[in-house]
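Numbering of residues begins at 1 and proceeds along the displayed sequence.
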Amino acid sequence: MAGQRVGEHLGERMTSLGEFIAAQRRAAQLSLRQLSEQAGVSNPYLSQIERGLRRPSAEVLQQLAKALQVSAETLFVRAGILDPDDGRPDVVGAIWADERLSSAQKTALLAVYAEFARDQAASEMSTN
């Protein structure tokens, strides 16, 4: 029963994320193909994300954020990876702001952080 609720919650988040990405794409006057090229993902994969059928990784979310010119944190919140204003330190912002890290290092750290945060959130939801 708890597993089903977690799945339903994640499904709702992914649909909301997909709708948000699609709305941002339209606002930027980009076709699905143009955004997929700019973000470096396949056209069918992006279509599946927009329809809520796929759960993108932190790295893909970061690439989409860059192409859409929105903050990666916004997409992480929409995807349920980060909680908005949860009183925790802004880890994503700190990683992005650290000039000692290369872009590749930032991407890797964000991907690891996002997976840990996602796993913890799923674990917390399954115990509730």
Side-chain angles (χ1 to χ4, degrees):
M1 183 79 59
Q4 182 179 2
R5 279 183 277 154
V6 170
E8 289 172 1
H9 180 70
L10 286 174
E12 290 170 9
R13 285 274 191 177
M14 291 303 107
T15 301
S16 173
L17 171 66
E19 290 169 353
F20 179 77
I21 290 171
Q24 292 298 310
R25 176 179 58 76
R26 288 189 295 272
Q29 298 181 337
L30 294 171
S31 69
L32 195 68
R33 185 171 308 283
Q34 289 171 318
L35 179 57
S36 69
E37 289 172 1
Q38 288 181 19
V41 298
S42 73
N43 195 42
Y45 182 58
L46 178 57
S47 175
Q48 291 172 345
I49 292 170
E50 286 192 357
R51 291 181 286 140
L53 302 175
R54 292 284 186 164
R55 189 172 108 186
S57 68
E59 184 175 353
V60 169
L61 288 173
Q62 180 183 334
Q63 291 167 255
L64 288 169
K66 185 176 179 181
L68 291 168
Q69 298 181 352
V70 298
S71 74
E73 185 176 32
T74 298
L75 294 185
F76 289 166
V77 168
R78 292 271 178 173
I81 296 171
L82 297 177
D83 290 329
D85 302 322
D86 62 1
R88 297 181 197 164
D90 182 13
V91 175
V92 173
I95 291 171
W96 278 118
D98 194 330
E99 296 174 1
R100 299 168 294 178
L101 301 173
S102 70
S103 181
Q105 290 169 324
K106 291 175 185 180
T107 298
L109 280 171
L110 288 169
V112 169
Y113 176 72
E115 284 303 314
F116 282 148
R118 184 180 294 138
D119 290 348
Q120 183 62 31
S123 174
E124 289 173 1
M125 288 184 68
S126 68
T127 59
N128 289 335

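Residue pairs meeting the salt bridge (charged side-chain N to carboxylate O under 4.0 Å, His left out) criterion with at least one member in residues 64-73, sequence neighbours excluded, do not occur. Residue pairs meeting the salt bridge (charged side-chain N to carboxylate O under 4.0 Å, His left out) criterion with at least one member in residues 91-109, sequence neighbours excluded, are Asp98-Arg100. Residue pairs meeting the side chain to side chain donor-acceptor pair (under 3.5 Å) criterion with at least one member in residues 27-39, sequence neighbours excluded: Ser31-Gln34. For residues 40-49, the side chain to side chain donor-acceptor pair (under 3.5 Å) pairs, not counting sequence neighbours, are Ser47-Arg51, Gln48-Arg54.
The OG1 atom of Thr74 sits 8.5 Å away from the CD atom of Gln24 when rounded to the nearest 0.5 Å. Atom CG of residue Leu35 and atom CG of residue Leu30 lie 6.0 Å apart, to the nearest 0.5 angstrom. Considering CD1 of Ile21 and CZ of Arg78, their distance stands at 10.0 Å, rounded to 0.5 Å.
Both Phe76 and Leu101 are members of a single hydrophobic cluster when ILVMFWY side chains are connected at heavy-atom separations under 4.5 Å.
Under the 4.5 Å side-chain criterion, counting only non-hydrogen atoms from C-beta, Leu64 is in contact with Leu46.
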Show me the donor-acceptor pairs, under 3.5 Å and distance only, between side chains in residues 56-63 and residues at least two apart or in other chains.
unit_1 : atom_1 : unit_2 : atom_2 : d
Ser57  : OG     : Glu59  : N      : 3.4
Ser57  : OG     : Val60  : N      : 3.2
Gln62  : OE1    : Thr107 : OG1    : 3.4
Gln62  : NE2    : Thr107 : OG1    : 3.0
Gln63  : NE2    : Ala39  : O      : 2.6

